[in-house]
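Worksheet: the structure to be examined is printed underneath.
Since this is a predicted model, take the numbers as computed values, not measurements. The analysis underlying the following values was restricted to heavy atoms, covering all of them including side chains, and did not include hydrogens, waters or symmetry mates.
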Amino acid sequence: MPAVSKGDGMRGLAVFISDIRNCKSKEAEIKRINKELANIRSKFKGDKALDGYSKKKYVCKLLFIFLLGHDIDFGHMEAVNLLSSNKYTEKQIGYLFISVLVNSNSELIRLINNAIKNDLSSRNPTFMCLALHCIANVGSREMAEAFASEIPRILVAGDTMDSVKQSAALCLLRLYKTSPDLVLMGEWTSRVVHLLNDQHMGVVTAAISLITCLSQKNPDEFKTCVSLAVSRLSRIVSSASTDLQDYTYYFVPAPWLSCKLLRLLQCYPPPEDGAVKGRLVECLETILNKAQEPPKSKKVQHSNAKNAILFEAISLIIHYDSEPNLLVRACNQLGQFLQHRETNLRYLALESMCTLASSEFSHEAVKTHIETVINALKTERDVSVRQRAADLLYAMCDRSNAKQIVAEMLSYLETADYSIREEMVLKVAILAEKYAVDYSWYVDTILNLIRIAGDYVSEEVWYRVIQIVINRDDVQGYAAKTVFEALQAPACHENMVKVGGYILGEFGNLIAGDPRSSPLVQFNLLHSKFHLCSVPTRALLLSAYIKFINLFPETKATIQEVLRCDSQIRNSDVELQQRAVEYLKLSSIASTDVLATVLEEMPPFPERESSILAKLKKKKGPGTVSVTDLEDSKREGGELNGGGERGPDTAAMAASNASTPSPSADLLGIRSAAPVGAAPASAGSLLVDVFSEAGPAAPSAAVNDDGFLSSAPPSEDPAPPLPEADELLNKFVCKNNGVLFENQLLQIGIKSEYRQNLGRMYLFYGNKTSVQFASFTTTVSYPGELQSHILFVQSCSCMFRNQYTSENWDTACYSTSPIFAH
């Protein structure tokens, strides 16, 4: 940068800034600014042409006013005029004003681009740097279109000065980040890569930032940079601090360049060339050796620079994951940092060791530090360090130490920060399931987890324990006994009640032989929690009660008494009311065999990946390195039996032997979907797309014995209503949606919704023929006592072909009498 002469100082600007600082109030400041703005505006509009110095001074004042938070709506043209000046200070102020105040959509962009082109072609290094800085600061797409092809030429030109090359590399990086589709390296690729061999360290430092960004998007085009990067890194690592005096920072040679080189190498796999790989391994060993040497300075800057290189080297070692010796050495070095007095170093060490724990070469070395990590989990003051310690315990866990780590994590949960409790719960649940040798320990762990941190136990966790208990005959009795004992605590979390209701409803008979856990005792224990629970839990308990009637006939009278009370059959919640009424009726009219069939024990769940893992990954959020992602490479054993993304719903336990029970399956199939065998519909049966939850169905559908569409071909002649029509109608006792009537000409479906005593019903009419229906009219008839309850009826009179039409009713229903459409 050229020296600024003494006469270039702007006295008027200094006086204005002094006046602003001396203002006693905001009002005085605004008054002074408005006065100055008026003066500048009059100067710019005056007849007398301003010289470069005056323009520079007034533009500086406008820039200062803008930085104070005031809007500036003039002066842009004067700033553009400064760009054409041959004086450095005037051109500098012009570019500064443009970079700060000119919008990328401004009408002046074309003029600015012309001025920049003139400076780039001037071969004046100072002016070229100013122009490149302006392009990088504005970074608009228009500028990328104008200069994306020009800047690479400047960057690789042999006669370009080093300072300009640095600016060109960083400017090109900025344009590539904002408009990657416009920055095409093409013929310049190899010449840009060879900038890594440049003699000027500043050029190499700037170029490597550009090359790293380009390599991440186009690794194959820039793969030749690996050998050059290794060569440059070797020269830096083996040099003494006196060899690179201009780039030595507190006795550490070129620390920023070293870190960037190591980061660039992480974009590629290990070098295939044996000589290059050997040289790189030698560099990494040298870096690890230097970390063991006594510090050359006591200043924190020295240790920061040295440790920055060390951690980047360890990241590269972990990335390659192919040198057992280096991995173990890196683990030992990080282990020394676990007890360092610097919190940041402890944090970084724990974070890096989480990644090392996923390597088969270093996993055992990481496990040797388990006591130190457990101590960090208990004693660290910083919550972020404690969280990294928990992550590391999770990552180093295997069958040999699972019980110890799970016990420590459970112990920590009692005092853990609220911000990390949910994540800790998920990790404990995953480890307990993944490394459980005996299932009784798994059940104990999950129930203990619910007891300690019940508020943070998501549905996925307690769903999972129920799935596993159902799938494992050998643990069902122990689970029933354990959950029965847990429910006897005076204060019991609602999730514990859910698990207890489900397991006792299914397997309470396995512990009923003990007088202390007789059927009536079990029922009374569950019912004592009923009034303290939310509606979904009460619904689950009602399903458990009807299960008890099947398991223990002697409890039938007691349970019917509970179901019959007004608080159940007249409950304000429609779900609880419906369950109570249906369960009471079912227990009263169904024979023992029917009851045993309907309330049969839940079938085993299909084996799938645990949904808790997905929950933990989602909890981590995008862009973060999750331990669950890293540990995929060291999975051993496999999951326990059971699986499933689905969880046991409050009524699913009462469903009978469905092949794949739905999460929302109800006891009587009120919300059940069509069976798996039900055929989908095509254009010939349009209503199925509206009503069926099982998906669209087959062409030429007819109605089978169950009232669902089948693939039987229709006859050519129109047919009367099928004999199963009454069965279709009867199904609406338990369903809101479905097919009401069907023959080979017409299909009528109903879709309804209800809220308390109000309802809305839609009738859909489907033309199943290829002929258009003309003058199609519908009328609604209903018994006289219902007339006052029909609020609104919208009938239709139309013609339609190969489609469906509809009508809707708004009703206030106080009667159960049927309503028929003709």
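One side chain, S400 or D398, offers a donor N or O that lies under 3.5 Å from an acceptor on the other. A donor-acceptor contact closer than 3.5 angstrom is absent between the side chains of Y435 and N401. Counting only N and O atoms by type, the side chains of S419 and D417 include no donor and acceptor under 3.5 Å apart.
Residue pairs meeting the ring-ring contact (aromatic ring centres under 6.0 Å, His included) criterion with at least one partner in residues 321-347, sequence neighbours excluded, are F311-F337. A ring-ring contact (aromatic ring centres under 6.0 Å, His included) check over residues 530-569, counting only residues at least two apart or in different chains, returns the pairs F523-Y545, H527-F530, H527-H531, H527-Y545, F548-F552.
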Might you work through the side chain to side chain donor-acceptor pair (under 3.5 Å) test for R329 and N289, ending with a clear yes or no?
-> CA-CA 10 Å; R329 286 194 61 188; N289 291 335; 2.6 Å; yes
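We find that K378 and E408 are joined by a salt bridge, their nearest charged nitrogen and carboxylate oxygen being less than 4.0 Å apart. Between E485 and K481 a salt bridge is recorded (basic side-chain N to carboxylate O distance below 4.0 Å).
In terms of modelled atom types and a separation under 3.5 Å, the side chain of S518 and the main chain of A512 share no donor-acceptor contact. Judged by distance alone, the side chain of E494 and the main-chain N or O of S534 form a donor-acceptor pair under 3.5 Å. With N375 contributing its side chain and E371 its backbone, the two residues share no donor-acceptor pair below 3.5 Å.
Atom CD of Q292 has more than 12 heavy atoms from other residues, nucleotides or ligands within 6.0 Å. The environment of CD in Q336 is crowded: more than 12 heavy-atom neighbours from other residues, nucleotides or ligands sit within 6.0 Å.
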Atom pairs and distances, side-chain donor-acceptor, residues 318-328, under 3.5 Å, sequence neighbours left out:
{"residue": "H319", "atom": "NE2", "partner": "Q266", "partner atom": "O", "Å": "3.1"}
{"residue": "H319", "atom": "NE2", "partner": "Y268", "partner atom": "O", "Å": "3.0"}
{"residue": "D321", "atom": "OD1", "partner": "S359", "partner atom": "OG", "Å": "2.6"}

